[in-house]
Amino acid sequence: MIIAANLKTNLTRSATHDYMKELQRCVQNSTQEVIVFPATSSLDCYDTTVTIGAQNAYPVEKGAFTGEIGLEHLQEFKIKTILIGHSERRHILGESQEFIAKKFHYFKEQGFRIVYCVGEPLEIRESSKDEMLTYIHKQFEGIDTEYNNLIIAYEPVWAIGTGKVPTFEDIREIHSELKKKSSAPLLYGGSVKVNNVKDILQVENVDGVLVGSAALYVDHFCTMIGYADELEHI
Ligand code: PGA
């Protein structure tokens, strides 16, 4: 399974080093694929078997894009994994589908592992199932869903950082729809915690989780990885 941590705008570089040291201890005997997305200023060469990914980068090698980092800055740390389409970038930072698709295309051309996020806001969730699926399908416009280095993360916006989670049946249903769209591994994200991760990982067509706030506690994240190992040995 794929167990990923999105650290968002948290943990300084020195705190991330401590985090990674601790995490390395617990992944040593794990068979899970573990990915950590540190804050941009915490990108570094970490002494770890865990994959380090970028939360964001501009689709360019380098240039005049104030406040952004480009390919060159990722290459410095041998980073080949990137998160694209996260709801906070779509809704807070205002990234359009067109720009997201451009970013996707650029990092696909560079052979990056792309964790591509989709998910609906509450008002769409409360409309019909058809409207919800149409909304999510639009988030695939311009995206090569058969790219062989792709991971998709389904993250309902209303579940991110809120403590609210869809029912397991809802997750199963939407994941089975998304599996028709792409054969890529499919993660669930949105208020994944130590106390619900085991159940979520057992839902059909859930290939892993993308964890935000709960992953800030390295012991919680390690527990989740341990649960995934246990489930694989059942
Ligand atoms: P959360 O965030 O676990 O805090 O809900 C998930 C995410 O944004 O990827």
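Atoms within a ligand are numbered from 1 in the order they appear, just like the ligands themselves.
Ligand 1 lies within reach of S191, whose nearest heavy atom is under 4.0 Å from it. For the ligand labelled ligand 1, residue K193 lies outside the 4.0 Å heavy-atom shell. At least one heavy atom of G161 lies less than 4.0 angstrom from ligand 1.
Side chains of L74 and F107 form a contact here, defined as non-hydrogen atoms less than 4.5 Å apart.
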Begin from the C-alpha positions of Y58 and F99 and carry the test ring pair (Phe, Tyr, Trp, His ring centres under 6.0 Å) through to its verdict.
CA-CA 10 Å; Y58 206 73; F99 179 63; 5.7 Å; yes
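Judged purely by distance below 3.5 Å, without hydrogens or angles, the side chains of T49 and Q24 pair a donor atom with an acceptor atom.
Nearest to atom 8 (O) of ligand 1 by heavy-atom distance, out of E155, H86, K164, E88, is H86.
Across all their heavy atoms, I3 and A228 have their closest contact at CD1-CB, 3.8 Å. Minimum heavy-atom separation, E141 to Q97: O-NE2, 2.9 Å.
Polar contact with ligand 1: present for G212 (N/O pair, distance under 3.5 Å). Of the N or O atoms in S213, one or more lie within a sub-3.5 Å distance of an N or O in ligand 1. Considering backbone and side-chain N/O atoms, T162 never comes within less than 3.5 Å of an N/O atom of ligand 1.
Proximity to L210 (heavy-atom distance under 4.0 Å) selects the following atoms of ligand 1: 9 (O).
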